[in-house]
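See below for the structure under consideration.
Counting convention: from 1, in listed order, for ligands and their atoms alike. These values consider heavy atoms only, across backbone and side chains, with no hydrogens, waters or symmetry-generated copies. Computed from a predicted structure; not experimentally measured.
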Amino acid sequence: MSHLPDPWVSTGTLPGRDVVEAALDDAYERFRDLDEGTVIEDVPALAGAEPDLFGVVFTDTAGAEHARGDVHHRFSIQSISKAFVYALVCQEIGHDAVLERVGVDNTGVPFDSVLAIEHGEGHPMNPMVNAGALATTGLVPGDTDDARWDFLVHGLSRFAGRALDVDEEVYRSESRTSRHNEGLASLLASHGRLHGDPGAVVDLYTRQCALRVDAHDLAVMGATLANGGVNPSTGERVVEAGMARDALSVVASTGMYERSGEWLFEVGVPAKSGISGGIVMMSPGKGAVAAFSPRLDDAGNSVRGRRAGALLSRALGLDLFASRPAGTRS
Ligand code: GLU
C-alpha cells in the first residue's frame with residue numbers, strides 16, 4: 001500500500017516526485033493540442049501572441065520546480081499583478097484599511113464593470129476587478145510617481161526572485177487603450193474612493209500590468225504566497241504570512257473573473273489569470289502551478305491553462321476543500 005496521501009486531499013503533504021512528474025507530463029501532453037479559445041484582440045500589442053505557446057510549471061514551497069513546454073517565454077503579467085500588488089499594499093497599510101477602502105466581495109459582473117461601482121455606492125468591491133485594483137494601486141506608498149513605481153517593481157521582483165522589467169510595447173499599446181480604466185478611476189475619484197490623481201493611478205496600473213514574466217516566474221511568485229510570504233527560491237520574506245493569506249483568500253473568491261465561483265467549485269484552488277494568457281494557482285503550504293497559453297475563454301481565462309490547472313489540482317491534491325474522515329488515511 002502506498003504511503004503517499006490520497007491525491008484528492010488538500011491537507012498533508014504533496015505526492016512524491018515521480019507522481020508530480022507524471023502529472024506534469026499528463027497535463028502538458030493532454031492539452032498541448034487543444035485549440036479552443038481565442039487570443040485577446042482588444043490590445044493591439046497582445047493580439048499578435050503566438051496562440052500555440054504552452055508552458056506549465058509546478059513549484060513547491062521548498063522551491064523545487066517541475067516544468068513542461070514554453071515556461072521561459074515572457075509575456076506581460078496583466079491582471080495577475082493585482083494579487084501581488086494587493087499583498088504588498090496590505091503589508092504597507094494593513095488588513096483593516098485595505099478592507100475598508102477596497103473591499104473583498106465578489107461583484108458578480110465583469111472585471112472592468114462600471115456597474116459594480118454604482119451598485120456598491122461608490123465602493124470598488126474587491127481588488128481583483130479593475131476598480132478595486134485601481135483603488136489598490138492608488139494606495140501604493142511614495143511621494144512621487146517614480147517612488148511609487150519603484151515600490152511596485154521592486155515588490156513584484158521580490159516575489160519573482162529576479163528583477164522584472166516592462167514590456168514597453170505593451171505599456172504603450174495599453175496606454176493608448178486605457179480610456180475605460182481612466183473612466184473607472186475618475187468614477188472612483190468622484191465617490192472619494194481613489195487616493196491620488198486618476199491619470200497617474202491609471203498610468204501606474206498600466207505599467208504594473210506590462211511587467212514581463214514567464215510561467216516559471218509566476219510559479220515562484222505564487223509559491224511565495226503559498227509559502228507564508230517567503231520566496232522559496234531566494235529565502236527572502238516578501239510579505240508577512242497574514243498578508244499572503246489575505247491575498248489568497250481574495251484571489252479564491254474573485255481571481256478568475258466572473259467564473260471565480262465555478263472555478264472554486266470545480267478546482268478548489270485560489271487562482272488568478274490575466275488576459276495575456278497567464279494563470280497562477282496557489283495551494284497554501286504546498287506550492288503553485290503556473291501556466292501560459294494565450295488562447296482565452298469568453299471570461300478571459302487561458303483555456304489550456306485552466307484545463308491543465310484543474311488536472312493538476314486533482315493529481316497533486318491541491319484542492320482546499322477536499323477532505324477525508326480521520327483514521328481513513330492509508
Ligand atoms: N491591463 C488590463 C486592463 O486592466 C488587464 C486586464 C486583465 O488581465 O484582466 O484592462
Check: Among all residues two or more places apart in sequence or in another chain, which pass the salt bridge (charged side-chain N to carboxylate O under 4.0 Å, His left out) test with D217?
Finding: R162

Margin query: If only side-chain N and O atoms count, and only distance matters, is there a donor-acceptor pair under 3.5 Å linking S178 with E174?
Written below: no

Item checked: Aromatic contact, F31 with F54 (centres under 6.0 Å) -> no

Margin query: Does the residue D112 have a heavy-atom contact with ligand 1, meaning some pair of atoms that are separated by less than 4.0 Å?
Written below: no

Note to self: How far is atom 7 (C) of ligand 1 from the closest protein heavy atom, and which atom is that?
What the structure shows: S79 OG, 2.9 Å

Check: Between the candidates Q208, Q78, R207, K272, which shows the shortest non-hydrogen contact distance to atom 2 (C) of ligand 1?
Finding: Q78

Check: What atoms in ligand 1 come closer than 4.0 Å to a heavy atom of Y205?
Finding: 3 (C), 4 (O), 5 (C)

Note to self: Under a plain distance cut-off of 3.5 Å, with no hydrogens placed, do S81 and Q208 share a side-chain donor-acceptor pair?
What the structure shows: yes

Margin query: Which of the numbered atoms in ligand 1 are under 4.0 angstrom from any heavy atom belonging to E174?
Written below: 1 (N), 2 (C)

Note to self: Heavy-atom count check: over 12 atoms from other residues, nucleotides or ligands less than 6.0 Å from H195 NE2?
What the structure shows: no

Notebook entry, point to check: Going by the atom numbers of ligand 1, which of them fall below 4.0 Å from some non-hydrogen atom of Y257?
Noted result: 7 (C), 8 (O), 9 (O)

Note to self: Quick check against the 3.5 Å criterion: does R295 have a side-chain atom that pairs as donor or acceptor with the backbone of E36?
What the structure shows: no

Next item on the list: Below 4.0 angstrom from a heavy atom of N181, which ligand 1 atoms are there? Numbered from 1 as shown, please.
Entry: 3 (C), 4 (O), 10 (O)

Check: Which one holds for V43 and ligand 1: side chain close, backbone close, both close, or neither close, with close meaning a heavy atom under 4.0 Å?
Finding: neither

